2 protein chains.
Amino acid sequence: MLDKIDLKIIEVLHQNSRASFVEIGKLIPLSASSVRERIQKLEELEIIKAYTLKVDYSKMGYGLEVFIMIKLFSGKLESFMAALDSFPEIKRAIRITGSHNIHMKVVLKDQLHLQRFIDMLIKYGEPTTQLILSELK
Amino acid sequence: MLDKIDLKIIEVLHQNSRASFVEIGKLIPLSASSVRERIQKLEELEIIKAYTLKVDYSKMGYGLEVFIMIKLFSGKLESFMAALDSFPEIKRAIRITGSHNIHMKVVLKDQLHLQRFIDMLIKYGEPTTQLILSELK
DNA sequence: ATTGAAAAGTGTGCGGG
DNA sequence: CCCGCACACTTTTCAAT
């Protein structure tokens, strides 16, 4: 289904999703038209789900990045999911197996902001917080 | 340092990092030239770190996505970090506080692949695995 | 900092191997 | 599936405000 050329295209876009068809084609090598056809197919099949961005939150004034896992109280899943959109601090939230139900990446200004966020969370369940130290990969 | 226009630009690029300067400018509104200048500055300041891609791993034949946290054995951090590049299954690895040292996102074909991967990991430490069920945000 | 304008480069639609 | 062409649009550079 996916050949090596598709994988190479995905790899290039992973490194720079703003790369032009011409640029990608030079690295394969393949004509810009063919690169475009393949990318269109990858988009239609939803193998490519989105083109997005990595930002440095610390340089944006958000010095604390944390993982928070939460063990939701019985019956709180729906209200928690409904509340997700109202918290810009939550950059990612994922349902997982295990004693905690949800894994979140959360971005905060400082310790006080973290405290307020956790105080809010304990309405929904029992949170466990891990500070992010550095990205290895 | 960052005004509302910069934040809006980042928001738009977050939703679609292939958006043209003209497109972004229409949403602000601002001329394409000004959008470009601002984005260039954000790149120079490394507030924008990378333009990247979200793919559907299950549609690429990788049906298992998991979080694995590992409590590294004493003295194993350096060799583990050096080994990271040789495992394409590891899509992300982050040093964290708490009883585990590293949090990883790992993408695998099936249960057998997961088993082999965990067998490899126990050379470095004690892993804890959580299956990813669905992305809420 | 923002803009518009000209030249170079790219995306898009389509025809054909 | 791959390619090239034509045309519209975009990026890039630059001078002016």
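Every value quoted in this text rests on a predicted model; they were computed, and no experiment measured them. In what follows, every chain begins at residue 1, and chains take the letters A, B, ... in the order their sequences are listed.
Take Ser17(B) and apply the side-chain hydrogen bond (donor to acceptor under 3.5 Å, both in side chains) test, not counting sequence neighbours, and it matches Ser17(A). For Glu46(B), the side chain to side chain contact (heavy atoms under 4.5 Å, CB included) partners at least two apart in sequence or on another chain are Lys59(A). Residues meeting the side chain to side chain contact (heavy atoms under 4.5 Å, CB included) test with Leu84(B), sequence neighbours left out: Leu136(A), Lys137(A), Phe80(B), Ile90(B), Ala93(B). Every residue two or more places apart in sequence or in another chain that forms a side-chain hydrogen bond (donor to acceptor under 3.5 Å, both in side chains) with Asp56(A) is listed here: Ser58(A). Glu126(A) is linked by a side-chain hydrogen bond (donor to acceptor under 3.5 Å, both in side chains) to nothing, counting only residues two or more places apart in sequence or in another chain.
Legend: salt bridge (Lys or Arg N to Asp or Glu O under 4.0 Å) pairs involving residues 70-96 of chain A, not counting sequence neighbours: none detected. Within the structure, salt bridge (Lys or Arg N to Asp or Glu O under 4.0 Å) pairs that include any residue of residues 1-12 of chain B comprise Asp3(B)-Arg38(B), Asp6(B)-Arg38(B) (at least two apart or interchain). Judged as a ring-ring contact (aromatic ring centres under 6.0 Å, His included), not a single pair has a partner in residues 10-56 of chain A (not counting sequence neighbours).
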Indicate for each nucleotide in nucleotides 4-17 of chain C, in 5' to 3' sequence, whether protein heavy atoms under 4.0 Å reach the base (B), only the sugar-phosphate (S), or nothing (-). BB----SSBBB---
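Note that the first and last nucleotides of DNA chain D, 5' to 3', having any atom under 4.0 angstrom from a heavy atom of chain B are dT10(D) to dT13(D).
A side-chain contact (heavy atoms from CB on, under 4.5 Å) with Ile102(B) is found for one member of Ile96(B), Leu121(B), Leu77(B) and no other, namely Leu77(B).
Defining each end axis of the helix from dA1(C)-dT17(D) to dG17(C)-dC1(D) as the rotation carrying four pairs' C1' atoms onto the next four, with five pairs an end, the two axes are found to diverge by 30° to 10 degrees.
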What side-chain donor-acceptor pairs closer than 3.5 Å can you find for residues 103-111 of chain B, not counting sequence neighbours?
unit_1    : atom_1 : unit_2    : atom_2 : d
His103(B) : NE2    : His103(A) : NE2    : 3.1
Lys105(B) : NZ     : Glu65(B)  : OE1    : 3.4
Asp110(B) : OD1    : Leu112(B) : N      : 3.3
Asp110(B) : OD1    : His113(B) : N      : 2.9

